[in-house]
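Read the structure below first, then the notes.
Since we're looking at a predicted model, the values are computed, not measured.
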Amino acid sequence: MTAYWTTHPGPLGDLLLTCDPTGALTSLTVPGAPGAKGLPAPGTVRDDAPFAEARRELDAYFAGERDRCTLRLAPPPATDFRRRVWAALDEIPYGTTVSYGQLAAAIGVGGPAVRAVGGAIGANPLLIVRPCHRVVGADGSLTGYAGGLERKTWLLGLERTRTAVPAG
């Protein structure tokens with residue numbers, strides 16, 4: 001089965017998107033992020049058509065007209081722990097932040113597991129649409145983002161300057 005990829009220009013640079021044969025988004029990376037080095041895996045085919053809705057949603061998000069992703073997502077296989085962390089990321093409201101510790105508590109872990117939560121967030125293959133940029137240090141400081149702290153700052157600034165808007 002053929003998987004597809006495309007790039008999409010945006011305020012953070014050319015985004016790299018991949019999807020499975022059904023059109024479900026499998027990754028979204030920004031320039032310089034892990035997985036954004038060159039083209040996707042061999043065997044993937046460049047085709048813009050499966051990404052029409054993703055392009056619309058991203059453009060609306062960057063314009064401040066959309067507050068959440070409604071795309072079908074199909075990240076690569078992951079441990080149950082990572083899937084739980086990623087699901088918790090999806091629940092962080094637009095325009096807000098949580099700490100790594102708060103996210104850990106939300107999935108029922110604490111203490112040393114907070115580092116593992118950070119590792120799972122760092123492995124998130126769906127930047128922007130799975131909002132890992134909304135996770136900050138315990139003191140509110142901006143820490144770690146696969147796309148770079150300047151992009152995290154930009155994304156949080158975008159969300160804070162907008163009021164929550166409908167997804168449609």
Side-chain angles (χ1 to χ4, degrees), residues 7-18 24-38 40 54 57-167:
T7 58
H8 184 64
L12 303 177
D14 285 344
L15 306 175
L16 175 65
L17 294 84
T18 62
L25 200 62
T26 55
S27 72
L28 188 158
T29 58
V30 297
K37 303 175 195 103
E57 283 201 17
L58 286 165
D59 289 345
Y61 171 78
F62 290 135
E65 299 166 353
R66 180 174 210 88
D67 67 357
R68 62 190 152 107
C69 171
T70 60
L71 299 169
R72 286 183 309 112
L73 306 178
T79 64
D80 178 61
F81 181 80
R82 280 189 177 175
R83 287 192 303 273
R84 287 175 35 219
V85 171
W86 295 345
L89 290 173
D90 293 338
E91 299 302 316
I92 303 170
Y94 180 90
T96 65
T97 58
V98 300
S99 71
Y100 290 89
Q102 289 171 315
L103 196 65
I107 65 166
V109 300
V114 172
R115 282 186 183 253
V117 167
I121 292 169
N124 172 23
L126 292 156
L127 300 181
I128 304 168
V129 298
R130 178 155 284 147
C132 55
H133 59 275
R134 296 179 188 155
V135 183
V136 298
D139 62 359
S141 61
L142 298 187
T143 60
Y145 183 62
L149 289 181
E150 67 285 346
R151 289 188 180 99
K152 183 173 189 164
T153 301
W154 190 91
L155 290 165
L156 291 173
L158 169 71
E159 291 185 8
R160 287 183 178 140
T161 60
R162 308 287 181 182
T163 57
V165 293

**Non-neighbouring partners of Arg82 that pass salt bridge (charged side-chain N to carboxylate O under 4.0 Å, His left out), sequence neighbours left out** =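 In terms of salt bridge (charged side-chain N to carboxylate O under 4.0 Å, His left out), with neighbours along the sequence ignored, Arg82 is linked to no residue.
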For [X] versus [Y], what's the shortest heavy-atom pair and its separation?
X	Y	result
Ala138	Ser99	CA-CB, 4.0 Å
Ala88	Ile107	CB-CG2, 3.7 Å
Tyr145	Cys132	CE1-SG, 3.7 Å
Leu158	Tyr94	O-OH, 4.1 Å
Ala74	Thr26	O-CG2, 3.1 Å
Pro131	Asp90	CD-OD1, 4.1 Å

**Request:** Check step by step if side chain to side chain contact (heavy atoms under 4.5 Å, CB included) holds for Leu89 and Val135.
**Result:** CA-CA 8 Å; Leu89 290 173; Val135 183; 3.6 Å; yes
Please confirm whether the backbone N or O of [Y] pairs with a side-chain atom of [X], one donor and one acceptor, at under 3.5 Å?
X	Y	value
Arg151	Gly147	yes
Lys152	Thr143	yes
Thr18	Ser27	yes
Glu57	Thr70	yes
Arg134	Ile92	yes

**Request:** Working to the nearest 0.5 Å, report the span between CG of Leu25 and CG of Leu17.
**Result:**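 Going from the CG atom of Leu25 to the CG atom of Leu17 covers 5.5 Å.
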**Prompt:** Nearest 0.5 Å, what's the CG-OG1 distance between Leu142 and Thr153?
**Reply:**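 With rounding to 0.5 Å, CG (Leu142) is 4.5 Å from OG1 (Thr153).
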Would you mind writing out the side-chain donor-acceptor pairs for residues 113-129 within the sub-3.5 Å range, not counting sequence neighbours?
from: Asn124; atom 1: OD1; to: Leu126; atom 2: N; distance (Å): 2.9
from: Asn124; atom 1: ND2; to: Arg130; atom 2: O; distance (Å): 3.0

**Message:** Could you walk me through whether His133 and Trp154 satisfy the side chain to side chain contact (heavy atoms under 4.5 Å, CB included) test, starting with their C-alpha distance in whole Å, then the side-chain angles of each, then the deciding distance to 0.1 Å, before giving a yes or no?
**Reply:** CA-CA 10 Å; His133 59 275; Trp154 190 91; over 6 Å; no
**Asked** Given Arg83 and Thr79, is the side chain to side chain contact (heavy atoms under 4.5 Å, CB included) satisfied, shown in steps?
**Response** CA-CA 6 Å; Arg83 287 192 303 273; Thr79 64; 5.7 Å; no
